[in-house]
Structure formats: structure tokens, C-alpha cells
**Student:** 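Mind looking over this structure? Questions follow.
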Amino acid sequence: MNTLTAWWSLFLYLAFASARWRTLWRRGFQRVGDWIALVLLTPMLLATGLRPQPAHLLTFVLYLAIPILLMRFRPKEGWLRSLINILVVLALWLPLEPSLFALPFESLGLSVGSWIHALGLPDVGASLLPGLTLPIEKLTGILLALYLFLIRDPLPHFGFDFRFQLRDVGYAAAGLAFFAVVGIPMGLGMGFLKVNIVWPGWPDFLGMILGGYLLIALAEEILFRGVIQNMLTRRWGHWAYGLMAAAIIFGASHLNNRTPGFPEPNWAYMLMATVAGLAYGWVWWKTGKVTASALTHMSVNLLWAVLFA
């Protein structure tokens with residue numbers, strides 16, 4: 001059951017790239033409204049053997065309901081729409097990474113940080129392959145974002161599409177080259193990166209590519225480029241403003257990442273991630289595909305893991 005749950009979750013995730021699948025969802029939305037979003041609970045229900053703890057079930061239901069309710073009351077334009085967009089992004093993101101949002105308060109010694117941790121989704125896992133466990137709570141967040149911005153209120157140029165053209169791969173490679181030329185010397189100069197080449201072996205290497213692309217790079221690109229940069233670009237009317245702002249937000253999302261010699265808040269990691277975010281955001285803008293910017297994202301992570309392990 002656990003393995004079946006993982007594959008079902010992965011199918012729900014990747015099937016949104018299919019126009020036919022999205023059409024089925026839109027027809028379901030037209031018939032039953034937002035109740036169709038309850039399908040997104042199936043990975044969690046299956047992972048818990050259809051016997052989730054009542055408190056956990058309520059947490060997941062509220063996680064789905066709050067962004068949907070916010071969008072139901074969102075006007076078509078104006079400052080209130082922008083404010084609700086921010087709240088929707090926070091409602092999607094905070095329960096998946098409460099430690100990040102608690103960090104400013106914890107740094108000041110405020111008890112608010114412990115309350116924020118309590119808002120996190122319970123950890124639920126499902127084994128896809130030996131040694132590869134899918135984080136069902138994070139996949140639920142990805143599925144919710146795809147439902148909100150591909151089905152319920154589609155964002156133009158989201159780009160959840162695996163039909164790559166040669167130019168898409170070229171832009172992804174150019175984004176990687178930019179990070180290699182700018183980010184690596186900067187990281188070495190700060191002492192943040194230290195050359196330590198470790199070859200993981202072909203099975204692990206291929207697993208790093210597959211898992212790193214689908215579960216890390218693409219998941220983050222959906223939020224930071226498909227949703228955040230997309231919204232900011234449309235709000236401000238200029239691609240460069242959206243690119244810069246989304247890159248800084250992406251960089252700030254790494255402040256709670258620890259590395260040797262750089263404690264939290266990790267400003268060096270934020271700087272490195274901001275530079276990487278500029279590369280990813282540029283690739284998304286040029287290709288219109290989060291799947292292409294995720295290629296650059298995965299490649300940077302892979303380069304980092306192998307050369308600076």
C-alpha cells in the first residue's frame with residue numbers, strides 16, 4: 001500500500017502536465033466546484049492506511065481550504081487582490097516550512113516562533129523506491145499549487161510542460177553557465193564553497209538526478225517561478241522587477257539552511273541562492289516553462305553536491 005501510495009502521488013503530480021488531465025479537472029471544477037480539491041487528500045489518506053489521526057486530517061483539510069477560501073473572495077484587480085495573493089502564497093508555503101518563518105522571531109527570542117512551528121503540516125512519507133521516500137505533505141502542497149494556478153484560476157505562462165524544445169535546453173544550460181561563472185567564484189571567495197569532489201556512483205547519481213529534479217528543483221520552481229515570479233511580473237508589468245524580487249525571496253528562503261561555519265540566519269546561503277535564483281528566473285522568463293528552469297536548478301544542485309560535497 002505504501003509503495004502504491006507513492007506512485008499514485010507521483011502520478012497526480014506529473015499528470016498536471018497533460019492538457020487532457022487538466023481538462024478533466026476543469027470539468028470536475030465546473031460541476032462540483034472546489035470540492036474536487038478533496039482528491040488532493042488521497043495521498044495522505046492512503047499513506048496513513050485510511051486511518052489518519054483526526055488532528056492530522058483536520059490540519060490537511062484546513063491546509064487545502066484556507067488558500068481556496070482566500071481565492072474565492074479575491075477581487076479581479078486592485079491592492080486587495082495583491083494582498084490576497086500574498087496571503088495565498090503564505091498559506092501554501094508556511095505550513096511546509098514553518099522553521100523558516102519562525103526564524104526571525106526565534107532570533108529575537110520571541111515565543112511567537114513556537115506558535116509558528118505548530119502551523120506545520122505533519123510529516124507523512126511513502127516509499128517510492130528503496131531509499132527514496134516521498135514527503136507526502138510537501139507533495140500535497142505542490143498539488144494544491146497546481147490546482148489553484150492551473151485549474152481554479154490559471155496563471156498564464158506557468159509552464160508546467162515537459163515537451164522540451166532544443167532552445168529550452170539551451171537556455172537551461174546558459175543558466176547553469178551563469179551560475180558557474182558568477183556563483184562558484186563568489187562561493188569560493190566567501191569560504192562558503194570548498195572543493196571536495198565526491199562521485200556517488202551511477203545508481204546514486206541517477207537517483208540524485210531523478211529525485212533532485214522532481215522532488216526538489218521542480219517543486220521549488222512551481223512556487224518561486226510559476227507562482228511568485230509570475231504574479232510579481234504581472235503586477236509590476238516588467239519582467240526584470242519580477243525576476244529580481246523572486247530571486248531575493250528565493251534567496252531568503254534559504255536563511256534557515258545550516259552549513260559549516262555559517263549559522264542561522266545563513267546570509268551567505270541567501271546570497272548564493274539569490275544568484276542561483278537569478279539564473280532560474282531568467283530561464284523561466286525566456287522559456288515560459290518551470291520545467292526548464294527546474295533543469296537548471298537540478299543541475300546547479302547536482303554540481304554543488306558532486307564538486308563541493
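Note that the numbering runs from 1 along the sequence shown for the chain.
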**Student:** Parallel under 30°, tilted from 30 to 60°, perpendicular over 60°: which one fits the rings of W285 and W239?
**Tutor:** parallel
**Student:** Going by atom type alone, with no hydrogens or angles, which donor-acceptor pairs under 3.5 Å involve a side-chain atom of residues 189-218 and a protein atom two or more places apart or on another chain?
**Tutor:**
{"residue": "K194", "atom": "NZ", "partner": "G191", "partner atom": "O", "Å": "2.8"}
{"residue": "N196", "atom": "ND2", "partner": "A309", "partner atom": "O", "Å": "2.9"}
{"residue": "Y213", "atom": "OH", "partner": "T291", "partner atom": "O", "Å": "2.8"}

**Student:** Quick check: closest heavy atoms across V88 and P67, and the distance to 0.1 Å?
**Tutor:** CG2-O, 4.1 Å
**Student:** Are F16 and W25 close enough that their ring centers fall under 6.0 Å?
**Tutor:** yes
**Student:** Are F224 and H297, when compared by the centres of their aromatic rings, separated by less than 6.0 Å?
**Tutor:**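 No, they do not, as the ring centres are separated by 6.0 Å or more.
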**Student:** Using a 4.5 Å cut-off on heavy atoms from C-beta on, say whether the side chain of Y63 contacts that of L96.
**Tutor:**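 Yes. Closest side-chain heavy atoms under 4.5 Å.
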**Student:** Pair up each side-chain donor or acceptor in residues 109-132 with any protein partner under 3.5 Å, not counting sequence neighbours, and list the distances.
**Tutor:**
{"residue": "S114", "atom": "OG", "partner": "S111", "partner atom": "O", "Å": "2.7"}
{"residue": "H117", "atom": "NE2", "partner": "E106", "partner atom": "OE2", "Å": "2.8"}
{"residue": "S127", "atom": "OG", "partner": "L129", "partner atom": "O", "Å": "3.4"}

**Student:** Does T48 form a side-chain contact (heavy atoms from CB on, under 4.5 Å) with F60? I'd like the steps, not just the answer.
**Tutor:** CA-CA 13 Å; T48 56; F60 272 86; over 6 Å; no
**Student:** Can any side-chain N or O of R225 pair as donor or acceptor with the backbone N or O of N230 at less than 3.5 Å?
**Tutor:**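 Pair absent, no side-chain N/O of R225 close to backbone of N230.
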**Student:** So do I68 and W35 actually touch side chain to side chain, heavy atoms under 4.5 Å?
**Tutor:** no
**Student:** Is it true that, when you exclude R27 itself, more than 12 heavy atoms of the residues, nucleotides or ligands shown sit nearer than 6.0 Å to its CZ?
**Tutor:**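 No, the 6.0 Å shell around CZ holds no more than 12 heavy atoms from other groups.
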**Student:** Atom CZ of F149 and atom CG of L144: how far apart are they, to the nearest 0.5 Å?
**Tutor:**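 Rounded to the nearest 0.5 Å, the CZ-CG separation comes to 8.5 Å.
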**Student:** Under 3.5 Å, which donor-acceptor pairs link side chains of residues 157-185 to any protein atom two or more places apart or in another chain?
**Tutor:**
{"residue": "D161", "atom": "OD1", "partner": "R163", "partner atom": "N", "Å": "2.8"}
{"residue": "D161", "atom": "OD1", "partner": "R163", "partner atom": "NE", "Å": "3.1"}
{"residue": "D161", "atom": "OD2", "partner": "R163", "partner atom": "NE", "Å": "3.3"}
{"residue": "D161", "atom": "OD2", "partner": "R163", "partner atom": "NH2", "Å": "3.0"}
{"residue": "R167", "atom": "NH2", "partner": "K286", "partner atom": "O", "Å": "3.3"}
{"residue": "D168", "atom": "OD2", "partner": "Q165", "partner atom": "N", "Å": "2.9"}
{"residue": "D168", "atom": "OD2", "partner": "K289", "partner atom": "NZ", "Å": "2.7"}

**Student:** Please list all pairs meeting side chain to side chain donor-acceptor pair (under 3.5 Å) that have one or both residues in residues 133-146, counting only residues at least two apart or in different chains.
**Tutor:**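 Qualifying pairs, neighbours excluded: none.
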**Student:** Applying salt bridge (charged side-chain N to carboxylate O under 4.0 Å, His left out), can you list everything that pairs with R258, at least two apart in sequence or on another chain?
**Tutor:** E264
**Student:** What's the verdict on side-chain contact (heavy atoms from CB on, under 4.5 Å) for V283 and L295, showing C-alpha distance, side-chain angles and the deciding distance?
**Tutor:** CA-CA 9 Å; V283 174; L295 282 176; over 6 Å; no
**Student:** Flag the pair L100 / W93 as yes when at least one side-chain heavy-atom distance between them is below 4.5 Å, and no otherwise.
**Tutor:** yes
**Student:** Is any side-chain heavy atom of L92 closer than 4.5 Å to one of L148?
**Tutor:** yes
**Student:** Under the side-chain hydrogen bond (donor to acceptor under 3.5 Å, both in side chains) test, which residues partner R72, sequence neighbours left out?
**Tutor:**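 In terms of side-chain hydrogen bond (donor to acceptor under 3.5 Å, both in side chains), with neighbours along the sequence ignored, R72 is linked to D34.
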**Student:** Within a strict 4.5 Å, meaning less than it, do heavy atoms of the V300 and L303 side chains meet?
**Tutor:**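 Of all side-chain heavy-atom pairs linking L303 with V300, none is under 4.5 Å.
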**Student:** Using atom types as modelled and distance alone, determine if a side-chain donor or acceptor of T42 lies under 3.5 Å from a backbone N or O of V39.
**Tutor:**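 Flag set: sc T42 to bb V39 pair under 3.5 Å.
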**Student:** Should E220 and F250 be marked as a side-chain contact (heavy atoms from CB on, under 4.5 Å) after you check the CA-CA gap, both sets of side-chain angles, and the distance that decides it?
**Tutor:** CA-CA 9 Å; E220 293 185 358; F250 178 72; 3.5 Å; yes
**Student:** Rounded to the nearest 0.5 Å, what separates atom CG in L134 from atom CH2 in W7?
**Tutor:**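 One gets 8.5 Å once the value is rounded to the nearest 0.5 Å.
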**Student:** For the CD1 atom of I86 and the CG atom of L70, what is their distance to the nearest 0.5 Å?
**Tutor:** 12.0 Å
**Student:** Should the ring pair Y241 and H238 be called parallel, tilted or perpendicular, given that the plane angle runs from 0 to 90° and is split at 30 and 60?
**Tutor:**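 Rings of Y241 and H238: tilted, 30 to 60°.
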**Student:** Return the CG to CD1 distance between L143 and I151, rounded to the nearest 0.5 Å.
**Tutor:**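 One finds 11.0 Å between CG of L143 and CD1 of I151.
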**Student:** Roughly how far apart are M272 CE and N257 CG, rounded to 0.5 Å?
**Tutor:** 12.5 Å
